[in-house]
Structure formats: C-alpha cells, structure tokens
Amino acid sequence: MPRTRAYAAQTPRSPLAPFEIDRRPVGPRDVAIDIEFCGICHSDIHQARDEWGNSIFPMVPGHEIVGKVTRVGAEVKRFKAGDRVGVGCMVDSCRTCPSCQKDLEQFCQKGSAFTYNGTEMDRKTPTYGGYSTDVVVDEKFVLSIPAGLDPAGAAPLLCAGITTYSPLRHWKVKKGDKVAVVGLGGLGHMGVKLAVAMGAEVTMLSTSKGKEADARRLGATGFALTTDPATFKKLAGKFDFILDTISANHDVQAYMGLLALDGALVLVGVPSEPAKVHAMSFIFGRKTLAGSLIGGIAETQEMLDFCGKHGITSDVEVIPVEKVNEAYERTVKSDVRYRFVIDIASLRKGG
Ligand code: NAP
Ligand code: ZN
Ligand code: ZN
C-alpha cells in the first residue's frame, strides 16, 4: 500500500507538521476509506499537548472522520466502494466482555482500541487518527452517514455528536425537561441542537457574552453568563439535567446548585485537574454527579440516523490542514463557531 500522508505532533510542545504513516493491508473484514473531512475535537488538543499524561508520540490526532469507501475485504457485508462512511473514537474492542456484549464498546473491559493515541487490540500496533488521507478500519467500527447530511458538517457528529447524544438518552431527557448545556463549543453546540430536537427546554450557560445570539439560533430559550455570580443565585434549583462540556478547570460544585430535586449533572468535558465537590451538594436534593464517555457503535449509528431524520449537522469552519495549529490556538481561546473541520483534500494536494 502507498504510504499515507498525515499531520502529526512529535512531542507535546511541537506544532503539528507533515508526517507519513503506513496503513495495514485490507483484511477480509476491513473497509479502506479515503478521508474527506476530519473534525478538530478539544480532546485532540489535550492529547497532542499531553494534558492528560497518557500521550504516545508521534501522534496523528483525529477521531471525527468522514470519507468514501475505496475497497472492502471479502467478508464485508455492510459497505461497498463509493459509500460515504464515518469513523469515530474507536476502531476495535474485545467484542466478548460484558460491556462489548451490551454494545458499550467504549467501556470494553480489556480497553477499547482508540482511533489514535492508542494501540490495536494486539496492544502493540499504534493507531493513527484522521488527520491523514486514508484509513483501514474493521467493518464493525465503520458508521453509515445518512444521505443528505453535508459531509463536513457530519464529521463532528462522530465524537461531539455521540458524546452529547448518549447522556441525553441515558438520562432519558424528554419533552419539557429543563436542561442546561454548559460551554458553547464543539460539544456544547451539538448538545443544544440535540436536546432541543428531543423536546427539552434548553438554557445555555456560557462565559462568552458574544455567543448569546448563536445559542438562541441553535434553539436555546435561555442564556446566562457564568462569569456573573448572580447567575448562580437566579438559576438555583432550576434544571433537571445539566451537561457540562467545559474543557478547562472550573468550579463544578457551583453548577450542582443549579440542579432541581433528583437532577443530574453529567460531566463530559475533561479538565486536567480533579473537581472538588462537597457531599452536601449531592445530599440536599438527592442529586447525581456523573460522567459519560462517547457512546457505543450501535448508539452512534442511532445518533447519525436521528441527525439524518432531523437534518442536524455541526456548524463548521472548514480549514486546510496547514491551518491546524492556528485552529488549535483559536479553540483553546473559545474562538470557534463551533467546530473546525480539516478539508483533507488540502493534505492530499501536498499539505
Ligand atoms: P471546545 O470546542 O473547546 O469547547 C469548550 C467550551 O468550554 C468553550 O467553547 C467555552 O464555552 C468553555 N470554556 C473553555 N474554557 C473555559 C473556562 N476556563 N471556564 C469556563 N468555560 C470554559 O471543546 P470541545 O471539543 O467541545 O470539548 C470539550 C471537552 O470535552 C474537552 O475537555 C474534551 O476533551 C472533552 N470531550 C469529552 C468526550 C467524552 O467522551 N466525555 C468526548 C469528546 C470531548 P463558552 O465560550 O460558552 O464559555
Ligand atoms: Zn473527541
Ligand atoms: Zn470488550
């Protein structure tokens, strides 16, 4: 197979730069994909900069992948050349443990094979992500992109979409529920769109005054600035469900005070430092503080089909691969509306 062009971080402090990798030959259950678009998730930045302390270098980030199938192995049944497909945060799992049996491959007890900054299930072969021209993935971990969805706008559904859809479903958010989404970035804007499509009454809690009009355009009926201490008094006890997507360290306990009786605050953002929360903030009001990790493959397909039905995609700023380092800086400054997506044609041309 010809070598694959990619962009990689060589160390936690070096900018991303051109790199070449080898993809495996197409096996009987494999799907070979020419990548068209890859979203930039804040997790790419955390890991490229080793902010979680688990990074492996060189690293080719990218787990919001959309592309076209070029070849399939002899045993592949669900895909054929020319199909538009997606790949998210995982490329394999053990398939036999209790989590895998329940379609929760993200919680595979042997440890799922993540799309990058990980290894295949042999625990030796490094995985490289979607800032690259092509990828070879087992059919079970390949998703169908519904016809009619813009491919660049669909790419972020593979992580930002499923990460917000899964907790909304698991905590059974329904029509009329009062939901707050915290942080209007890649995850947050998908959280607003999806919660609104599920019938919830959504309030956006943000540090950015300039995002109010966008929050309302996305379907939020309320907006409050978390930089104003009065917000935490005014909205105390108001929400059935809070989805916290903040990427930076912040006072989680303050947000617990916004929950109604039996309400749940679900963390999906992963700041580098542990959160400090007093037991009292759960005890009074029988509240839940929980976390949620992406979603299983079956649920990811369910989310894509839901987005196909409701015409939901991400609001994207499409960039050539040469602008990836600038896009990282802007994302860290919350200056993204609302997801950067790399046009991989720019990498194919020379990058
Ligand atoms: P993003 O696009 O950068 O959005 C994060 C948002 O958080 C910002 O737009 C900003 O919103 C808010 N924020 C940033 N710094 C803040 C601060 N110091 N205080 C308060 N709010 C702040 O990031 P993303 O791609 O959505 O990812 C968000 C987090 O989720 C990251 O930590 C990422 O690693 C994690 N993640 C988790 C999963 C999972 O499975 N659990 C999956 C994907 C990503 P405002 O401007 O509105 O305040
Ligand atoms: Zn992600
Ligand atoms: Zn497993």
Side-chain angles (χ1 to χ4, degrees), residues 38-49 51-52 61-65 88-90 92-117 121 129-130 155-167 181-192 204-212 214-215 218 220 223-227 243-252 254-255 266-273 290-296 300 314-317 327-340:
C38 184
I40 297 179
C41 178
H42 206 117
S43 301
D44 299 352
I45 305 173
H46 289 307
Q47 292 175 92
R49 297 181 174 179
E51 289 170 355
W52 296 339
H63 58 205
E64 294 184 335
I65 300 169
C89 301
M90 298 177 282
D92 209 350
S93 71
C94 86
R95 303 168 193 222
T96 54
C97 76
S99 303
C100 286
Q101 292 288 311
K102 282 189 223 153
D103 290 332
L104 296 169
E105 299 87 358
Q106 74 274 35
F107 303 122
C108 174
Q109 290 172 12
K110 301 227 169 79
S112 11
F114 289 105
T115 304
Y116 71 87
N117 194 28
M121 293 309 285
L157 301 179
L158 276 307
C159 176
I162 184 59
T163 301
T164 49
Y165 180 90
S166 184
V181 176
V182 190
L184 190 51
L187 265 56
H189 91 292
M190 289 312 308
V192 174
M204 184 70 228
L205 301 179
S206 172
T207 60
S208 306
K209 203 170 181 346
K211 292 181 182 173
E212 176 165 2
D214 280 342
L218 296 167
F223 181 92
L225 278 175
T226 50
T227 44
L243 187 65
D244 181 343
T245 77
I246 298 177
S247 51
N249 300 318
H250 62 288
D251 181 8
V252 173
Y255 292 88
V266 177
L267 300 171
V268 286
V270 191
S272 54
E273 298 296 326
S292 186
L293 177 66
I294 47 173
T300 305
S314 171
D315 292 12
V316 297
E317 187 173 331
Y328 272 28
E329 289 310 318
R330 282 185 53 198
T331 301
V332 170
K333 289 188 202 133
S334 304
D335 176 23
V336 49
R337 286 181 166 70
Y338 280 91
R339 194 59 131 190
F340 287 108

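As the structure lists them, so they are numbered: ligands from 1, and atoms in each ligand from 1. The structure displayed is predicted, hence computed values, not measured ones. Residues: numbered from 1 along the sequence shown.
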- Query: Considering Ile246, Thr163, Asp251, which one's heavy-atom position lies nearest to atom 7 (O) of ligand 1?
  - Reply: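 Going through Ile246, Thr163, Asp251 one by one, Ile246 has the nearest heavy atom to atom 7 (O) of ligand 1.
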
query: Which residue from Leu184, Thr207, Val266, Val332 reaches closest to atom 48 (O) of ligand 1 through any of its heavy atoms?
result: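 Minimum heavy-atom distance to atom 48 (O) of ligand 1 goes to Thr207.
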
Got an N/O contact under 3.5 Å between [X] and ligand 1?
| X | result |
| --- | --- |
| Gly186 | yes |
| Tyr338 | no |
| Trp52 | no |
| Gly183 | no |
| Asn249 | no |
| Cys41 | no |
| Pro271 | no |

Can you name the atoms of ligand 1, numbered from 1 with element, that are less than 4.0 Å from a heavy atom of [X]?
| X | answer |
| --- | --- |
| Thr331 | 3 (O) |
| Ser43 | 33 (C), 34 (O), 35 (C), 36 (N), 43 (C), 44 (C) |
| Gly269 | 29 (C), 30 (O), 32 (O), 35 (C) |
| Ala248 | 15 (N), 16 (C), 17 (C), 18 (N) |
| Leu293 | 40 (O) |
| Ser206 | 45 (P), 46 (O), 47 (O), 48 (O) |

Q. Do any protein N, O or S atoms sit under 2.8 Å from the Zn ion (ligand 2), and which ones are they?
A.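 Short answer, with waters excluded from the count: Cys41 SG, His63 NE2, Cys159 SG.
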
Give the residue and atom name of whichever protein heavy atom lies nearest to [atom], and the separation in Å to one decimal.
| atom | value |
| --- | --- |
| atom 24 (P) of ligand 1 | His42 CB, 3.6 Å |
| atom 5 (C) of ligand 1 | Ser247 OG, 3.7 Å |
| atom 28 (C) of ligand 1 | Thr245 O, 3.0 Å |
| atom 26 (O) of ligand 1 | Leu187 N, 2.8 Å |
| atom 32 (O) of ligand 1 | His46 NE2, 2.8 Å |
| atom 40 (O) of ligand 1 | Ile294 N, 2.8 Å |
| atom 46 (O) of ligand 1 | Ser208 OG, 2.5 Å |
| atom 8 (C) of ligand 1 | Ser334 OG, 3.5 Å |

Does a side chain donor of either His189 or Asp214 reach within less than 3.5 Å of an acceptor in the other side chain?
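Side-chain D/A pair, His189 to Asp214: absent.
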
Could you check whether any heavy atom of [X] sits closer than 4.0 Å to an atom of ligand 1, since that is the contact criterion I want to use?
| X | answer |
| --- | --- |
| Arg339 | yes |
| Cys159 | yes |
| His250 | no |

Kindly say whether [Y] contributes a backbone atom to a donor-acceptor pair with the side chain of [X] at under 3.5 angstrom?
| X | Y | value |
| --- | --- | --- |
| Ser99 | Cys108 | no |
| Glu64 | Gly88 | no |
| Trp52 | Ser43 | no |
| Ser166 | Gly295 | no |
| Ser272 | Glu51 | no |
| Thr226 | Leu205 | no |
| His46 | Asp44 | no |
| Asp92 | Met121 | no |
| Thr245 | Leu187 | no |

Where is the tightest heavy-atom contact between [X] and [Y], given as atom of each residue plus distance?
| X | Y | result |
| --- | --- | --- |
| Leu184 | Met204 | N-CE, 3.3 Å |
| Val332 | Arg49 | CG2-NH1, 3.7 Å |
| Pro167 | Val266 | CB-CG1, 4.1 Å |
| Gln109 | Pro98 | OE1-CD, 3.5 Å |

- [ ] Please test Tyr116 against Gln47 for side chain to side chain donor-acceptor pair (under 3.5 Å), starting from the C-alpha separation and ending with a verdict.
- [x] CA-CA 10 Å; Tyr116 71 87; Gln47 292 175 92; 2.9 Å; yes

- Query: Applying a 4.0 Å heavy-atom criterion (strictly less than), which segment of Lys211 is in contact with ligand 1: side chain, backbone, both, or neither?
  - Reply: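 The part of Lys211 near ligand 1 is the side chain, not the backbone.
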
Please calculate the SG(Cys97)-the Zn ion (ligand 3)-SG(Cys108) angle and round it to 10 degrees.
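About 120°, to the nearest ten degrees.
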
* Flag the pair Arg339 and Asp315 as a salt bridge only when some basic side-chain nitrogen lies within less than 4.0 angstrom of an acidic carboxylate oxygen. =>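 Here Arg339 does not pair with Asp315 in a salt bridge, since their nearest N and O are not under 4.0 Å apart.
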
- Lys/Arg N to Asp/Glu carboxylate O, Arg95 vs Glu105, below 4.0 Å: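 A salt bridge is absent here (no side-chain N lies under 4.0 Å from a carboxylate O).
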
Requested in this report: First locate atom CZ of Phe223, then atom OG of Ser206, and finally report the distance between them rounded to the nearest 0.5 Å.
Outcome: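 The distance works out to 4.0 Å.
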
TODO: Start with the C-alpha distance between Glu329 and Thr331, add both sets of side-chain angles, then the distance that settles side chain to side chain contact (heavy atoms under 4.5 Å, CB included), and finish with yes or no.
DONE: CA-CA 6 Å; Glu329 289 310 318; Thr331 301; over 6 Å; no

Q: Assert yes or no for the condition that the ring centre distance of Phe114 to His63 is strictly below 6.0 Å.
A: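 Ring-ring flag for Phe114/His63: false, centres at least 6.0 Å apart.
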
